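Have a look at the structure below, then the notes.
Heavy atoms only: backbone and side chains are in, while hydrogens, waters and symmetry mates are out. Just so it is clear, the model here is predicted, and its values are computed rather than measured.
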Amino acid sequence: MSVDGAEHRPRHRSPGRPGVRWTVLAPLLAVVLAALVSARVLRSSPLADDGALTAPAWDWLAGGPAPDPFTPDGLAVVHTAAWGWLTRGPERDTGLASAGRELLWVALVVSCLMLWRVARRARLGDAGAATAVLLFGAVPGLALVHAVSSPAAWAVPWLLLAAWLGTGRRRPAVRALAGLAVLPAVVLAPDVLLLLVAGAAAALASGRLGLRWPATTRTVVAGLLAPVFVGLVLLLPVWDPQPDVVAPWAAGGVVPVLLTAGLLAAGALGAWLLPRWRPPAAALAATTLAAVVPPGRFAALVVCLPVGALVAGALVQRLLAVDAVRRARPVLAGVAAAGLVAALVAAAVLVRTGPADDFGAGDRADLVAWLAAEVPPGTPVAADGLLAEDLRRAGVPLGDGGLAVGRGGARPGTAGLVVARFGDAESGLVVADPRRRGPDADQRLLRRELSAALLTNPTTADAGQATGALLSGDVDPRLLTLLAGVAAQYGVGISALPAVPGEVSTPVRYAVVDSVGGVRLADDPALADQVEDWLAAQLPPYAPDVVEADAGGLRVGFRYDPDPDALVSAASG
């Protein structure tokens, strides 16, 4: 790989045709690798803040309240809404958590592309640019920094855009555009000001800024910026308080400590070994230290990541320029190319074959389908957080006085009232009903008497495997009374008493009637129609909610009710 980024012309090629380095593919392949790694990581490990930006953005697109674009969260919501409008994200209804991860992935890939261009504009060669992109893109594979729905994720592309516009010999108008690009970065992550103030102080102290000023003046101005930096550190928790969900990143855990140590090491080495990179390296070290001062600034760590990657790339570039390493560069280039290609293949395979979390989308779809099919329309559902937002978007009426839904376990006070579960025991959805009442001794005795009367009726066909369920007393009394009425008038055959998928300890409410009067319904469509008409003429609470053709006859059933025995008792009285 080229160290200094200069292009060399082949001897036998026309001077008018510039040469093409195959190593220029290295930074591009690094971008692709970062995109694959982040695509895999961003599809796993749900976090507590998932949907923090997509929920208000989708609400705004649907006519809800507009965000305040002059606050970090508000401007991040504007970015999110713009992406949703362009891609029709709300209409695809992939779930707020999945939509949020999709946006984070887009922000990361754009940041990688911008980082590559900034590295080349800063005169890093292919090796340094590829290293910077790889290090920046490898962070998601090591820690879920980029998976947190933080406005700082959108500040990074703006910060890199400003760096790209302001680096090199640019016209004053272009540099003015760089200053404008800094503004949204500062609004999204005020911690960017820490980088700017520390970088300006280091540039003044090293003579990279204010070249026409006397050295004493530069030193004094740089010293005056120190209290400004400290004041910003004290002001930021009030200006942009970090949510509790990101506090562990700045105040505990092995991964945050290693990440912080790596950023500090890159800043210290860059300031020592690379005079041209001393201002950004010093700003990196100072801002990283400020990020870990209690209570911690997660946003500061995020905006330090691209700076740390660039400084690390410059350090690698410097290492490749050492004479002892220069002689081994062809071997190193071959090894690096082979490793990069192998990593690309492995990442592509892992993205396609590795397990991916759907952030509860499947469980939520099963819940919504169950509510639509099994619960009386209009029944309110109580839920919290992102789950409540997703259910509201799915058309589920939210409120108290009905069902209570939680993820991973029943809500407090409803542990013994669970009626359905969707998904695994740890992260699945649990539906509880505070109104649920089980049968007392008399009501269970009535169920068994109805079942016995049905089974002993001479017109009832052999119930087969359904006999055990009938005798257990676990069949809904509305269904038992209805079947007993059919048996009394015509005679009935029951082939199955299917349970509702997902339900827990609820009475069996469905039966498959395969014959009436000794005639199979599948063989006599006219008789099936006659039975359907008879069922449609029933009055509540015995009027079935579901009557549909089944492979074995007619599937007859009732919607969920928290106390079906009370309904039958009231109708009998």
Side-chain angles (χ1 to χ4, degrees), residues 35-36 38-69 71-111 113 146-151 153-154 157 184 188 351-352 356-375 377-399 403 405 407 422-423 427-429:
L36 290 174
S38 59
R40 176 67 191 89
V41 175
L42 290 176
R43 293 168 60 193
S44 61
S45 300
L47 298 177
D49 73 319
D50 280 329
L53 299 179
T54 47
W58 276 206
D59 281 344
W60 182 31
L61 292 175
D68 182 0
T71 62
D73 289 334
L75 188 55
V77 168
V78 172
H79 284 70
T80 305
W83 175 258
W85 180 77
L86 289 172
T87 62
R88 308 178 73 89
E91 298 179 14
R92 289 186 283 131
D93 194 22
T94 57
L96 294 173
S98 296
R101 294 301 180 91
E102 178 184 289
L103 264 70
L104 291 171
W105 181 81
V106 171
L108 179 60
V109 173
V110 171
S111 298
L113 289 170
H146 293 295
V148 176
S149 294
S150 167
W154 286 108
L188 289 162
V351 167
R352 292 185 59 87
D357 199 303
D358 66 351
F359 304 102
D363 301 341
R364 190 172 60 253
D366 292 340
L367 169 64
V368 172
W370 179 80
L371 292 172
E374 305 298 337
V375 177
T379 301
V381 175
D384 298 321
L386 183 64
L387 176 60
E389 294 290 340
D390 277 320
L391 292 179
R392 184 173 61 82
R393 287 185 49 78
V396 176
L398 298 180
L403 301 174
V405 181
R407 186 171 292 282
F422 302 97
S427 61
L429 296 176

* With the side chain counted from C-beta on, respond yes when E389 and D59 share a heavy-atom pair under 4.5 Å apart, and no when they do not. => yes
* If you draw a 6.0 Å radius around CH2 in W83, do more than 12 non-hydrogen atoms from other residues or ligands fall strictly inside? -> no
* Asked: Minimum heavy-atom separation for P157 to A153, with atom names?
  -> CD-O, 3.3 Å
* To do: Kindly give the heavy-atom pair with the smallest separation between L61 and G84, and that separation in Å.
  => CD1-C, 4.2 Å
* Structure fact -> Here the pair of heavy atoms bringing P67 nearest to P69 is O-CD, 3.3 Å
* Structure fact -> Separation between CG (L398) and CG (L391), nearest 0.5 Å, reads 6.0 Å
* Are R393 and P90 close enough that some pair of their side-chain heavy atoms sits under 4.5 Å apart? -> yes
* To do: Taking S98 for its side chain and G95 for its backbone only, find out whether a donor-acceptor pair lies under 3.5 Å.
  => no
* Structure fact -> Here the gap from L386 atom CG to D49 atom CG, rounded to the nearest 0.5 Å, amounts to 10.0 Å
* Structure fact -> Rounding to 0.5 Å, atoms CH2 (W60) and OG1 (T54) come to a distance of 14.5 Å
* Might you point out which heavy atoms bring A97 and D50 nearest each other, and give the distance in Å? => CB-CB, 3.8 Å
* To do: Could you tell me which non-hydrogen atom of V77 sits nearest to which non-hydrogen atom of P56, and how far apart they are?
  => CG2-CG, 3.7 Å
* Side-chain heavy-atom pair T80, W154 within 4.5 angstrom cut-off -> yes
* Could you tell me whether the side chain of F359 reaches within less than 4.5 Å of the side chain of L96, counting heavy atoms only? => no
* **Distance (rounded to the nearest 0.5 Å) between L403 CG and L367 CG** => 9.0 Å
* **Where W58 and A99 come nearest, the two heavy atoms and their spacing** => CZ2-CB, 3.9 Å
* Structure fact -> CG of L108 to CG of L103, rounded to nearest 0.5 Å, is 12.5 Å
* To do: Look up atom CZ in R364 and atom CG in L387, then write down how far apart they are to the nearest 0.5 Å.
  => 7.5 Å
